[in-house]
Amino acid sequence: MGTRAERYDTVIIGAGAAGMMCAAHALRGSGRVLVIDHARAPGEKIRISGGGRCNFTNLHAGAENFLSANPHFAKSALSRYTQHDFVALVDRHGIAWHEKTLGQLFCDGSSKEIIALLLDEMAGAELRLGTSVDTIARHGDGFRLGVSGGDVLARHLVVACGGKSIPKMGATGFGYAIARQFGLDVTETRAGLVPFTLDPAMKAQMAPLAGVAVPARAACNGAAFDEAVLITHRGLSGPAILQISSYWREGEEVVLSLLAQEDLLGAFKQRRRTEGRRQVQTVLAELLPRRLAEYLAGTHGITDRLGDCSDKRLGEIVAHLTRWPLRPAGTEGYRTAEVTLGGVATTGLDARSMEARRVPGLFFIGEVVDVTGWLGGYNFQWAWSSGWAAGTAIAARG
């Protein structure tokens, strides 16, 4: 005879954004809900996000802002629970917020307000923190979990334990192991939204530029992002770099276009007419951070006076600025990655409910799924939308 186990309608592994959102909506059915996490506090990634103010969604969120082997998979959940739905929830809880650039929404106060919102919404669910899940097995029409503190039975099991990013916060590949155990495919996983590293020679060459930030367009594999690039003592970072890192593969070049929004050739021609005696490098230092202007002038042998430059020469100088190829040595990996690319293959999941097609009652939501958003609140929106999709599907079963 097996040990006595507590019975729940739904057990959710992971007390992060997706897991808590799912619990809030699963509760609207008639069963007991248990949320388990090995962390000592819920919503730890929420707490540290957005510099402590949580970039909780993006006004422009749509399926086109996500990477997946199936780019259409996210459409169902994102269209049925939108960024406007979550903003309405934030407003109902009286949380003040503001919009930054590019549709990014942040709390005026603290990210802890979003955690408190979720805990309030899922009041009525049982939350067990500091609890490990040691075994999972099919049990009749449901599941039996061996957890620290005793076994539990569940009619529905929701895997919301995230990806591998930021292991110091307890991130592991546990969700992928559960998927494989039940016969679901897992696509290749890698670090996303992550800084680049440079090889030793390039790092030494660019060392004097550490701390320089500049507006630029970063492009790779047909994708391009216009935001800031930050040169660090390890390599390249900043929003444009984090964005393009999700599209980059080892060995490939990333092309930077400095001042991509400017008509540089037109600006140089205008200055040639009025400031022909000035050195091109001096003018560059007015358009770019001085250290970067000096570096580029030295690297490309730009010693000309403006008045001595032909249209062709000005075009060459502009080309150096607008097509600066860099070949990263790699990335900083999961240690600093904001997300994990890849994950549980969407081919095995129902897009409306997030339920495994061949394993009734088993759901995967949030970052563990092969759906990865851009930087800027998109990944939180996927957590809210996928958590809502699974939670409402479970609640509808009573």
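A quick note: this is a predicted structure, and the numbers were derived from the prediction, not measured.
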Participant: Take Y81 and S385, measure what side chain to side chain contact (heavy atoms under 4.5 Å, CB included) needs, and give me the verdict at the end.
Facilitator: CA-CA 5 Å; Y81 190 89; S385 297; 4.2 Å; yes
Participant: With a 4.0 Å cut-off on N to O distance, would you call R128 and E6 a salt bridge?
Facilitator: yes
Participant: Would you say N70 and S68 are linked by a side-chain donor-acceptor pair, where the criterion is simply a distance under 3.5 Å?
Facilitator: no
Participant: So, does R32 use its side chain to make a donor-acceptor pair with the main chain of R7 at under 3.5 Å?
Facilitator: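 Side chain of R32 to backbone of R7, a donor-acceptor pair under 3.5 Å: yes, one is there.
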Participant: Using 0.5 Å steps for rounding, measure from the CD1 atom of I95 to the NZ atom of K112.
Facilitator: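 The distance works out to 14.0 Å.
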Participant: Considering only heavy atoms from C-beta outward, does the side chain of L118 approach that of I46 to under 4.5 Å?
Facilitator: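 When only atoms from C-beta onward are counted, I46 and L118 do touch, with a gap below 4.5 Å.
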Participant: List the steps, then state whether ring pair (Phe, Tyr, Trp, His ring centres under 6.0 Å) holds for W388 with F86.
Facilitator: CA-CA 10 Å; W388 175 91; F86 193 76; over 10 Å; no
Participant: State whether the side chain of R80 and the backbone N or O of R352 hold a donor-acceptor pair below 3.5 Å, judged by distance alone.
Facilitator: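 At least one qualifying donor-acceptor pair exists.
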Participant: Assess the side chains of K45 and S165: does a donor N or O sit below 3.5 Å from an acceptor N or O?
Facilitator: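 Yes, side-chain donor-acceptor contact under 3.5 Å.
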Participant: Are L321 and L230 connected into the same hydrophobic cluster when the rule is that any two of I, L, V, M, F, W, Y join if their side-chain heavy atoms are below 4.5 Å apart?
Facilitator: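 Each belongs to a different hydrophobic cluster.
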Participant: Verify, without hydrogens or angle tests, whether H38 (side chain) and G170 (backbone) share a donor-acceptor contact under 3.5 angstrom.
Facilitator: yes
Participant: Got a second to check how far I244's CD1 is from L236's CG, nearest 0.5 Å?
Facilitator: 12.5 Å
Participant: Is there side-chain contact between E44 and D37, with heavy atoms separated by less than 4.5 Å?
Facilitator: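 The answer is no; the side chains never approach within 4.5 Å.
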Participant: Are V255 and L198 connected into the same hydrophobic cluster when the rule is that any two of I, L, V, M, F, W, Y join if their side-chain heavy atoms are below 4.5 Å apart?
Facilitator: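 L198 does not cluster with V255.
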Participant: If we ignore hydrogens and angles and just use 3.5 Å, is the side chain of R180 paired with the main-chain N or O of L184 as donor and acceptor?
Facilitator: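 Side chain of R180 to backbone of L184, a donor-acceptor pair under 3.5 Å: no, none is there.
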Participant: How far does OG of S49 sit from CG of N379, to the nearest 0.5 angstrom?
Facilitator: 11.0 Å
Participant: Could you check whether atom CZ of R357 has more than 12 heavy atoms from other residues, nucleotides or ligands sitting under 6.0 Å from it?
Facilitator: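 Yes, because the 6.0 Å sphere around CZ of R357 holds more than 12 heavy atoms from other groups.
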Participant: So, S132 side chain and D134 main chain: donor-acceptor pair closer than 3.5 Å or not?
Facilitator: no
Participant: Under a 4.5 Å cut-off applied to non-hydrogen side-chain atoms, are V159 and L362 in contact?
Facilitator: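 With C-beta onward as the side chain, the pair touches.
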Participant: Any idea which heavy atoms bring F225 and A240 closest together, and the distance?
Facilitator: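 Looking at all heavy atoms of both residues, the shortest contact is O-CB, 3.9 Å.
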Participant: Please determine whether residues L265 and L296 belong to a single hydrophobic cluster, defined as Ile, Leu, Val, Met, Phe, Trp and Tyr linked transitively by side-chain heavy-atom distances below 4.5 Å.
Facilitator: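 Hydrophobic grouping puts L265 with L296.
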Participant: Verify the neighbour count for atom CG of D141: are there more than 12 heavy atoms of other residues, nucleotides or ligands below 6.0 Å?
Facilitator: no
Participant: State yes or no: do V344 and W382 share one hydrophobic cluster built from I, L, V, M, F, W and Y residues joined by side-chain heavy-atom distances below 4.5 Å, directly or via other members?
Facilitator: yes
Participant: Kindly indicate whether the side chain of P215, heavy atoms from C-beta on, has any atom under 4.5 Å from the side chain of D226.
Facilitator: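 In short, these two side chains do not touch, never coming nearer than 4.5 Å.
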Participant: Take V158 and I13, measure what side chain to side chain contact (heavy atoms under 4.5 Å, CB included) needs, and give me the verdict at the end.
Facilitator: CA-CA 6 Å; V158 182; I13 303 175; over 6 Å; no
Participant: I'd like to know if the side chain of T82 and the backbone of D85 have a donor-acceptor N/O pair within less than 3.5 Å.
Facilitator: yes
Participant: Below 6.0 angstrom between ring centroids: does that apply to F143 and F182?
Facilitator: yes
Participant: Could you check if a side-chain atom of I12 sits within less than 4.5 angstrom of a side-chain atom of H156, using non-hydrogen atoms only?
Facilitator: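 A side-chain contact under 4.5 Å is absent here.
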Participant: Looking only at atom types and distance, does a side-chain atom of T131 sit under 3.5 Å from a main-chain N or O of L129, one as donor and one as acceptor?
Facilitator: yes
Participant: Could you walk me through whether H93 and E121 pass the side chain to side chain donor-acceptor pair (under 3.5 Å) test, one step at a time?
Facilitator: CA-CA 10 Å; H93 282 259; E121 288 289 313; 2.8 Å; yes
Participant: Compare every heavy atom of G192 with every heavy atom of A337, then report the nearest pair and how far apart it is.
Facilitator: CB-O, 3.4 Å
Participant: With side chains defined as the heavy atoms from C-beta onward, is the minimum distance between E355 and L349 less than 4.5 Å?
Facilitator: no
Participant: Over all heavy atoms of both residues, which pair between T372 and G342 is shortest? Give the atoms and the distance, please.
Facilitator: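 It is OG1-N, 3.9 Å.
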Participant: Compare every heavy atom of P360 with every heavy atom of R138, then report the nearest pair and how far apart it is.
Facilitator: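 Heavy atoms only, the tightest pair is NH2-O, 2.8 Å.
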Participant: Check for a donor-acceptor pair, side chain of T197 on one end and backbone N or O of G330 on the other, with a separation under 3.5 Å.
Facilitator: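 Such a contact is found between T197 side chain and G330 backbone.
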Participant: Does W374 form a side chain to side chain contact (heavy atoms under 4.5 Å, CB included) with F66? I'd like the steps, not just the answer.
Facilitator: CA-CA 6 Å; W374 290 359; F66 292 82; over 6 Å; no
Participant: Check the surroundings of atom CZ in R335: do more than 12 heavy atoms from other residues, nucleotides or ligands lie under 6.0 Å from it?
Facilitator: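 Yes - once you tally the heavy atoms of other residues, nucleotides and ligands closer than 6.0 Å, there are more than 12.
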Participant: Rounded to the nearest 0.5 Å, how far apart are CE of M354 and OG1 of T392?
Facilitator: 11.0 Å
Participant: For the pair E113 (side chain) and C54 (backbone), establish whether a donor and an acceptor sit closer than 3.5 Å, ignoring hydrogens and angles.
Facilitator: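 Such a contact is absent between E113 side chain and C54 backbone.
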Participant: Considering all heavy atoms of both residues, which atom of R53 and which atom of G109 are nearest to each other, and what is their separation?
Facilitator: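 Between these two residues, the closest heavy atoms are CG-O, 3.2 Å.
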Participant: Would you call L292 and L209 a side-chain contact if the rule is heavy atoms closer than 4.5 Å?
Facilitator: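 With C-beta onward as the side chain, the pair touches.
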Participant: Is a side-chain donor-acceptor pair under 3.5 Å present for E367 with T340?
Facilitator: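 A pair is found: one side chain offers a donor N or O, the other an acceptor, under 3.5 Å apart.
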Participant: Apply the test side chain to side chain contact (heavy atoms under 4.5 Å, CB included) to residues I48 and I166: give CA-CA distance (whole Å), side-chain angles for both, the deciding distance (0.1 Å), then the verdict.
Facilitator: CA-CA 11 Å; I48 67 166; I166 319 184; 4.2 Å; yes
Participant: To the nearest 0.5 Å, how far apart are OG1 in T187 and CG in D370?
Facilitator: 3.5 Å
Participant: Does a donor on one side chain and an acceptor on the other come within less than 3.5 Å for N58 and Q381?
Facilitator: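 No donor-acceptor contact under 3.5 Å links the two side chains.
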Participant: Do E338 and L375 come within less than 4.5 Å of each other through their side chains, counting heavy atoms only?
Facilitator: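 Sidechains of L375 and E338: in contact.
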Participant: Determine the interplanar angle of the H98 and F106 rings, folded into 0 to 90°, and report it as parallel if under 30°, tilted if 30 to 60°, perpendicular if over 60°.
Facilitator: parallel
Participant: So which heavy atom on A383 is nearest to which on S386, and how close?
Facilitator: O-OG, 3.5 Å
Participant: To the nearest 0.5 Å, what is the distance between CG on L306 and CG on L314?
Facilitator: 7.0 Å
Participant: Kindly state each residue pair satisfying side-chain hydrogen bond (donor to acceptor under 3.5 Å, both in side chains) with at least one member in residues 291-307, sequence neighbours excluded.
Facilitator: Q205-Y295, R290-E294, H300-H320, D304-R313, R305-D308
Participant: Is D120 paired with R92 through a side-chain N to carboxylate O contact shorter than 4.0 Å?
Facilitator: no
Participant: Under 4.0 Å between a Lys/Arg side-chain N and an Asp/Glu carboxylate O for R327 and E252?
Facilitator: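 Salt bridge absent between R327 and E252.
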Participant: Can you classify the ring geometry of W384 versus F380 as parallel (below 30°), tilted (30 to 60°) or perpendicular (above 60°)?
Facilitator: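 Aromatic pair W384/F380 classed parallel.
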Participant: Mind checking whether L78 and L105 sit in one hydrophobic cluster, side chains of I, L, V, M, F, W, Y counted as touching below 4.5 Å?
Facilitator: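 Same cluster: L78 reaches L105 through Ile, Leu, Val, Met, Phe, Trp or Tyr contacts under 4.5 Å.
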Participant: Do you know which of V133, V359, V11 makes side-chain contact (heavy atoms from CB on, under 4.5 Å) with L157?
Facilitator: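 So, applying the side-chain contact (heavy atoms from CB on, under 4.5 Å) to L157 and each of V133, V359, V11, only V11 qualifies.
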Participant: Would you find a donor on one side and an acceptor on the other, under 3.5 Å apart, between the side chain of Y334 and the backbone of R190?
Facilitator: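 Yes, because the side chain of Y334 sits within donor-acceptor range (under 3.5 Å) of the backbone of R190.
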Participant: Does a sphere of radius 6.0 Å around CD in E250 hold more than 12 heavy atoms from other residues, nucleotides or ligands, not counting ones at 6.0 Å or beyond?
Facilitator: no
Participant: Taking the six-membered ring of Y8, is NZ or CZ of R155 closer than 6.0 Å to its centre and within 45° of its axis?
Facilitator: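 Pair R155/Y8 does not count as cation-pi.
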